[in-house]
Each structure stands twice: as C-alpha cells, then as structure tokens.
Amino acid sequence: MTDVRVPTTLPPRAQIHAPSHRTVLLKRLLACLAGGVVLAMMVGPQEGSQTDYGYAFRKSVLEPRIVVFLAIGVLLFLAITYWPTIVPYLTRPGFWPLVSGALAVIAAITLMHWYDPAGDGKFSSTATVVRHASNISALATAFFGWLAWAELLAIIVVGGASIILGLRRLAVVVAVAAIVAAIISYLAHQAVVNSGGHQIDHSLGYAAAILGYLVIAGAMMVSATTAAQQVESKALVGRMFAFRPGLPLVVLGAVLTLLSFLEARWFSPGDKNTTLSATHGLFAGSGLSSLEYDYLGWLGWLLFAITVVLAGAAVWIRSRPLGWVAAVVGLAATLMTLITMYGMSKLGAQRKLDAATGPWQNLGAGGWMACGGLFLLGAAGFIAATALRPSASGVSGAPGRRGRVGYTSSDVVGTSTGSQKALGYLSAPGAARTALLIAVAAALFYPPTATSFWQEVVVSQIGISMLLAVGLNVVVGWAGLLDLGFIAFYAIGSYTTAYFVGSLPIKPPHWMIVTPLLTIPLAVLVCLLAGLALGAPTLRLRGDYLAIVTLGFGEIIHLSAVNSQGITNGSEGLTNDTQRHTKSVPQPSIHIGPLHIHWGLNQLQYWYLLLVFLVVIVLAFRRLEQSRLGRAWAAVREDEVAAQATGINTTKVKLAAFAIGASTSGVAGAFFASQIGVFTPDNFVLNNSILIVAYVVFGGMGSLSGAMAGAAMLTWLPQFLKYQVPPADKLMWIGAVVMLMMIFRPAGLIPARRRAAELHGLDAPSSSETLAVPASEGL
Amino acid sequence: MTQFFDYLILGLTRGSMYALIALGYTLVYGILQLINFAHSEVFMSGAFGSYIVVHLIVGNGSGTATWEVPIVIAVGMITGAITAACIAWTLERVAYRPLRRRGAPKLAFLIGAIGASFFLSTLASKLFNSQTTNQFPIFFDHNTTLFQIDGANVKALQAVIVLSALAMMVFLDRLVNVTKLGRSIRAVSEDAPTAALMGIDIDKTISRTFIIGGLLGGAAGFLFGLNFSFAYNMGFAPGVKAFAAAVLGGIGNIRGAMLGGLLLGVVENLVLLIPGFDASWTDVVAFVVLVGVLMFRPTGILGERVGRAA
C-alpha cells in the first residue's frame, strides 16, 4: 500500500504566479509617489507663457513643496501596506463619526460661507472683516483669528488618541469640549452678524461647523461607553426606527421648524432683518389680515405644536388614521405659512419697502424653513399612514443579536443584497420614501432661500439637465442603446419652439404662431418624429455602431444649425435683430379665464414650472418602467436574440425607446428656449451629449432617481468648484471625480434595483480578469 | 485636375493621420469591446512630449542643417510615440484595469474614459499652456516641393507624413499577423477566457495593446503638430473623426481602420471640389458618409473582428 498524501490546501492560483513581495511593494511605492507628483501638478500654479512652457511644471514639481506631496504618497503607501494592522483601529466605535465630523468642520472652515456680505463670504474673508471691525467680542476675534483651527486640531488629536487608546474619561472630556466648540462657533458667527447690522446672509458655514462638532461629541460619547452598552443602544435605536418609520422625519421637521421660529429671519427689507417675533412686532397695526398677523404671533406656534403632537403620536403608536390626520394638518400648516408669507410680502411691496414690486419679495429664509419643517412633519404622518409594517417576526426575533438588529430588509422590501444589509439603517422600511420626501421638501422650499446665482444654476442647469438625463435614461439605461447624440433632440426641440413663436428668420404661416407653452406639444411631436427618423434606419446597427451614428447625427444637427444662416441665423443665434427678422423667444405665460400667470425674469417661477414637468414625466416613467414596454426593454437590453424569441418585436421596442427619449428632450428644449430667450448652436455641441451620458451612468444606469441625482451632482459640482479652484482647472477636477467614481463605484450613485439583481442575483461573477470580455461576444 | 490632385494629396495626408489614430481605437475595441474615449488625449500627449524634446534639440529651428532634419523628425516621432505609450499604459492601469477587476458594466468604462479625457486635456493646459495654436520650431521649409503630379505640388512634409504612416501601418499589420504578441492579441480578442486557458496572460496582452495603440497615436500627434499646430484640446476633433474612421472600416478590424482613415481624409477634402460647397460643411460630409456606409454595410467596409479579417 502506498501512502497517498493529499495536500490539505491547494495554493490559490494567484499565489503561484505572484511576483515576489518586494517587487509588489516597490511597484506600489512608485505608484504612490507618482500619484503624489500628479497631485502636486493638479494643485500647482497655472500655465506658463508661450515662451516658457515649462514654467508651471517646474514650479509645481521641482520646488520644495513637492516634498509634501511625496510625503502624501508615502503615507498612502504605508496605509495600503499596513491596512490589516490599521483596520482594527478604524472599526473602533466612534472612529468614523469622529472623522466625518472633523471633515464637516474642515469643510465649513475652508469651503463654506460664514458671512455673505464679507468679500467672497468664506471664512478667511470673514476673518479679515473681523480683524478690521471694532465692535466685536474678544471671543469672536480669537475664533476667527486662531481659535477655530486650534480647537479643531486639539479635538481631533485628543479625541483620536482617546479612541485608539480606549481612554473613556478623556473621551467624555473631549465630548464636552466639542460641545463647547460648537457653542463658540455659534457665538462667533452671531457676533459677526450683529456687528454687520443683519445684512442679508445665506451663509451656512457655522451650521456645518456646529453639526460637525455635535457629531464629534456624539462619537466621543459612544466611545466612552462600554461595548455592551453600545450593542444595546444600537439595537434600541435600530428597533425604534424600524418599528416606527417616519420617526426621523418627525425629528428633522421639528428641529427645522423650531430653528425657523426661534432663530431664522423672516422678513428682510432694507435694514430690517427680523425674526418671527420681531416680524410680529413690525406688522403691528399695519393692516395685515388678522389671521396672518396671528400666525406671526401665536397661531404659527399653535399649528406647529398640533402638527408635532399629531405626527409624533401617529408615528409612535403606528396609527394609520392618526397618520392621515397628521398629514392633512401638516399640509394645512404649510399652506398657512405660505399664505402668511404672501400676505406680509405683499403688504411690504405696497409700502414700497426696498423697492419691492410685488409679493414674495424681501422674504428671509425663515418662512421657507418653516414650510419645509411643517411639510416634513406632515410627510412623517403620511409615512406612518402608508408604510409597510415589518412583520412581527422580523422585529421581535432580533433583540438578542449583535449589531443592527430588529429587522432584516428581506422581510419588508423583498430581496436584499449584501450592500443593502451593509447600509443598515438605509434599508429600514420607509427609508426610500423618507429620502424621497426630504428631496421633495428640499426641491420645493430650498431654492427661494438660495442666492440669485444659485437660483439660476438650479433652474437653467440642474433642472434642465435632470430632465435630459431622465429622457436619456430611457434610451441608455432601460433599452441599453448607447446614444451619443442626444443633445440633437434638445436642439430640435429648442429650434421648433423658436420657429413656432416666430423667432427664426423663416416664419410659420401667420395662424400657426403660438405662445411658448403651446409649442411644447409641437416640440414633442417634432422630436418624436426626429427620433423615429433617426431610429428607423439605424436601429439594426449593434451597440457601438449605433453610438457613432448617433454621434454623427448630433454633429450633423449642430453643424447644420451653425451653417444654415437663412433658417437658424447661424452661429449668431437668436438675437433681437430686425434686419434678419429674428427675435428672442418670448417668456411663457398662461391666460385661462381668470388665471393669468406670466413668467418674467425671476428664475424661481421657472423652477416651479420645471418641477411640474419633471414630476409629471417622472411619474409617467415610473409607470412605464414596470409596464409591458419597460419589461420588453429590459429583455432587449439583456439579450436581444432571446427577447426576439419570446415574441418581442425588438425593432418596435427600440424605436419606442428612441422616440420617448427624444420627446422628453423636446420638452426640455422647448422649456430651455422660452426660459433663456436667446440661444446659439453652441448650446448643442457634442460635449454636452457626452455629458448627458455621463449624468446617467454616474448616477446609476436605469434608475430614475439615479439619473436625476447624477445630473444634479455633475451640474452642481462645476458651479461649486468655480469658487474653490482656478476656473480653468474645473474640468480637470470633474474628470478626476468622474474617473474615481467609476473606479470605486461603477454601478453609479444610486444603482438601479433591477440591474443590481441582474448583476448579483443569479450567479457569482465569473473569473475576474475576463469580465470585460464576454465569451459569447469575442471579436 | 490640378485641384483634384491638390485635394487628394491633402486628403491623403490628413487621412494617414486619422488612420494612425483610428488604429489605437480599433486595437482597444477589438480586445476589450471598449471605446477608448481618452485616446484623443493620448494623441495630444504625443505632440507635447515630442515638442519638448524637439525644442531641446533644435532650439528655435534656425540653425538646423539639412542632414539633421530626418534625424530630428525621427527623434520627434519616437519621443512622441513613447510619451503617448506611457500615458496609454498608465491609463489602462489606473482607469480600466480596476474596472475590469470589478466586472463593471461596459458603459462605466466609457464614462471613466471620458473622465480621464477631461482630466488629461485640462492638466495639459494647466501644465503647458492653453493657447490653441502652438507651433513646432520650424527646422526645415515645410513648403519644399518634392515633385509634382499634374501640376499639384507634393510637399516634403506631406510625403514624410504619408510614408511614415504607411510604414507604421505595414509594421503593425505584420506585428499582429506574424509575431507571437500579435497572435496573443488576436486570441484575446477572439475569446478571452479560452485564451487564458491557453496560457496567455490577458492583463499583459491588454497592456501591450494599449502601448501599441499609444505608440501609433503619439507618432500621429507629432506629425499632426508639425503639419498644423498643437494644443491641449487638439485631440478632440481628430479623435472623433478617427473613431468614425475606425467604425467606417469595421471597428476591431485593423486593415479596416487604415482604409477607413485614408478614405475619410480623402472624401473630406474631395467634396470641396463640388461647386458651391464651402469648407464649413466638410465635417457634416464626414458623418453623412459614415451614416451612409453603415446603412448599407452595418459592420463597416471590411467587417469587424481582429481575429478573422486582419
């Protein structure tokens, strides 16, 4: 008998071919150092001159500052190499909250505004103002001088040490210090505002700093408790939120409303900038209708109290009828707030306060915050009334377990993937709805409080790109057709509108000239036909051929618009030019019976119009995704041959996707044309098409909320970066963000549920190195 | 007729540069089914890389002897090619390999590539300059006429561009068809998992494919910069055209890319012969031709697949 020895463990394949450990380390070190050099270039000085190309390069790489960046590279190298040693410290309770709180404070001090009237409003400009002001307390002077950084540094260092070394007493001390720091931030900001005479101020820096410090305080308190206590409290919180969906909304709404009633400014004409109670005083005996006057006095508080109690009770005892009542009362309270704001701003306009010409002017952020808060309280009631209840077993079976207990998402939302479990609280019942309602509240009540610059950004960029992204999502995300010329339909929509309102050099017959809003159906129709015309001959092309043909189509449309002087007025675009018979597209207006609405120059009006379009389209598309057609798209996207075999007319289905996507951008185009009035073919270049694809993929292909989030993110980012980096470098940072995002989260910000199921649901991913090359499709 | 040959020569010059860039697209597409949108920036980096070295050698170009000219051109082409190859390799390592490891959807590659493209071109404008008409030092008279065809001048620079491009294409064709590396490239593009089973290191093959594409693109960048001008955003227009050329010839097909590039360059210039046609419509023509060809031959002129046709 021979003794057969079976090796107990076979070395995995990777180990057989693995290069020596030293080579790996060396490569990694070199890569990290190279990364450091690239970073040095990215934050280096601007370009050289025509005679000295190397200036920026030398300045950024060959100066002593390079040492800092190389050190960053080395740190990165050490972090990667000793990751397993570091990880236990990173998972200590309280560590990540400490980091995120510290980041919030750092962002507040470096990026955000502290006092708008001062220079560019940032911390450093505010500090300059404080230095030159005479009537500011010593505390604020110190805070803006050195205290802000010093206290932050001390808290981070001592707090980090207490977490890593497990010093509980010290942690409590740091928690107290963090709370003190939060109070100091508040007092310092208040001092600046008081000395500046309450000028209009949209700054949120102090709020972010306070929030960051409170998070740090929470982190330190957590790290000060014992492990057993942590598990218990985690379980308690988990159970509470799982058992009572809507609770976060109640808390958020109550805090927001309280802030607005106590702290925020409600009315701000000229030199006045009054809180709720001060506004009440201001309007005493001014002829404001009694109901509105009472709101400012006591009715607002009463409504708030009633809503909080109702919503809180409905959520707490999980009563459906009470939930409905709370929802209705919350909505009524929101409306009452709006009516009051209308009344007082109208009165202010009649008195010609600060050259106001009509209602809704000179309002502070307070009213809108109150609207948001009350709306959220009503929303909490709505969630309590409609949320799916976790099954009894899902709740009661859990308490003994460690970690996030109380529910598993599979009880409530069907299948759960690994990532959903990892996100814990986010997969609690009602979480998606909660997020949606918060987004709705923000969309409704945030824009009025923003500066006019951001209002314009919100309307003409974020809103429209959201609409376009939602439209392209049908083509790319659902039907899986890569369309690189989507902007062409947007152009067609815009020019159609311009034609039918008589702004182009060529005019329609006299009886066909209509108002801008009436051109929307026409624009949709024309875009639909254009989509069919492009789609019908090209849709038999496969994947990337389709991409290049659509790209070509986009270029053809753009170049035709540039070159057809007689039809589109060429590259000069639509200007008010009587010689060429062009004029700008008029602003939209509605006149139905007694209803007269005219959209003027105020961006906000357009935002709410756009919101109506967006809501209608999104609701329609949500239905569409689940419909027979939506499922057919999914089938065609996954396997066209199989789809055909099951009886789907693939050409028809794909054409439908093209046409629906195109008509959505027709709406966007019509809206754009009448909002902006004057536009040129440069609004429709190829780069914009590619950007729209980027919105969809960045946000998560095939998910409506993802497409919108991606569009919002990628249009917000350049505007935000405008004030943080040299304007010329904007695209570089965007490119880096997009690249990193794709590397670390290729499925996008909010991955589509159906796609996620397709990717991970049925079988494990195949061998890692061949994934980009499907076996069936090798060329 | 003179005009015809004039435009033909111009077209061939432009077309051979398109072909060199198109090869980069087609090689990567053949092996990864991925439109490497950042290839236009690889092309751009070749121009900048070669400029630095050429500028170092010839200064402002006034004192260059005639016998030195071919050497400078060769050095420029090589440095351009090497710079671009480095960029292409880095791109593959940083932007594409992690995505492949994660099994990302195909479009994620595309968007990553677009991000990389924005990043690289803006970084170039930050590091060097944001002028759009940088010129190479003039170290020989670009207008030297070599010979005439029916009254149309063939300039030395044009001859250099066309001939060197042709040489590189022949070289690539042999490389892919004859050598071991070429065989592994074809094998991976035919069927990657099977190729892996045959002992081919897929990652290495993909890296090398990127390097080859980068070499050709970088050389084209130098030639383009020498003939016209170079800038941080020079990659965009030729990149789009070259991509169209690759599709026109049948994407993934190497000879198709060469043919498509030359054809696109020639057609683009010859349409100017049609009376009443001004230069602003040439770009439209390029795409109309592309769409037209794809209507009738949905897989391009020579059909796809590196493995079969090349």
Side-chain angles (χ1 to χ4, degrees), chain A residues 41-42 44 46-50 53 56-57 60 476 482 537-538 540-542 544-545 547-549 551-553 555-556 559-560 562-563 686 690 693-694 697-698 701 728-732 734-739 741-743 746-747 755 759 765 767-773 775 777-779, chain B residues 29-30 32-35 52 95 98-112 114-119 122-123 125-131 134 188-193 196 202-203 240 243-244 247 251-252 280-281 283-284 287-288 290-291 294-295 298-299 304-307:
Chain A
M41 292 178 189
M42 283 173 73
Q46 291 301 309
E47 55 187 279
S49 61
Q50 190 111 42
Y53 289 83
F57 182 76
S60 58
V476 176
L482 181 51
T538 53
R540 62 197 183 105
L541 298 174
R542 219 201 46 208
D544 303 292
Y545 291 92
I548 186 74
V549 169
L551 188 150
F553 175 71
E555 274 301 89
I556 291 172
L559 291 168
S560 309
V562 171
N563 290 325
L686 173 60
I690 294 174
V693 180
V697 179
F698 189 87
M701 255 187 298
D729 294 356
K730 224 167 59 183
L731 269 182
M732 183 176 73
I734 294 172
V737 167
V738 168
M739 208 160 51
M741 175 77 187
M742 285 300 114
I743 291 173
R755 275 195 181 249
L759 281 177
S767 164
S768 61
E769 60 206 21
T770 57
L771 275 170
V773 191
E777 232 188 283
L779 282 199
Chain B
Y29 188 89
L32 284 182
Q33 277 95 60
L34 152 72
I35 304 170
I52 290 170
L99 280 175
R100 251 186 298 138
R101 292 263 156 86
R102 275 158 210 263
K106 236 164 102 181
L107 269 181
F109 285 81
L110 185 77
I111 301 305
I114 290 167
S117 163
F118 283 170
F119 177 77
T122 322
L123 189 63
S125 92
K126 184 182 168 82
L127 274 189
F128 302 107
N129 68 21
S130 56
Q131 314 274 343
N134 296 313
V188 173
S189 59
E190 189 80 32
D191 185 343
I202 294 186
D203 275 344
V240 170
F243 176 45
V247 174
I251 194 155
S280 56
W281 287 95
D283 288 350
V284 179
F287 286 109
V288 169
L290 175 79
V291 174
L294 287 183
M295 293 289 120
T299 52
E304 48 190 61
R305 293 197 179 225
V306 169

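Naming convention: chains lettered A, B, ... in sequence-line order (proteins, then strands); numbering from 1 in each chain. Hydrogens, waters and symmetry mates are skipped; everything else that's a heavy atom, side chains included, is used.
B/F287 and A/G552 get closest at one heavy-atom pair: CD2-CA, 3.3 Å. A/M41 approaches B/L127 most closely through the heavy-atom pair SD-CD1, 3.3 Å. Minimum interatomic distance between B/K126 and A/M42 (heavy atoms only, all atoms of both residues): CE-O, 3.2 Å.
Atom CE of A/M739 and atom CZ of B/F119 lie 5.5 Å apart (nearest 0.5 Å). One finds the CG atom of A/L731 at 9.5 Å from the OG atom of B/S117 (value rounded to the nearest 0.5 Å).
In terms of non-hydrogen atom pairs under 4.5 Å with chain B, the most contact-rich of A/V737, A/V738, A/I734, A/V562 is A/V738. Annotation: maximal heavy-atom pairing with chain A below 4.5 Å, among B/A108, B/A116, B/A244, occurs at B/A108.
Looking at B/I111, both its backbone and its side chain come within 4.5 Å of chain A, counting heavy atoms on both sides. Only the side chain of A/S60 comes within less than 4.5 Å of a heavy atom in chain B; its backbone stays farther off. Heavy atoms closer than 4.5 Å to chain A are found nowhere in B/I52, neither backbone nor side chain. Of the atoms belonging to B/L123, heavy atoms from both backbone and side chain fall under 4.5 Å from chain A.
Side chains of A/L482 and B/L110 form a contact here, defined as non-hydrogen atoms less than 4.5 Å apart.
B/R102 places a side-chain N or O within donor-acceptor distance of the main-chain N or O of A/I743, the cut-off being under 3.5 Å.
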(request) Run the numbers on A/L686 and B/V240 for side chain to side chain contact (heavy atoms under 4.5 Å, CB included), then give the verdict. (result) CA-CA 10 Å; A/L686 173 60; B/V240 170; 3.8 Å; yes
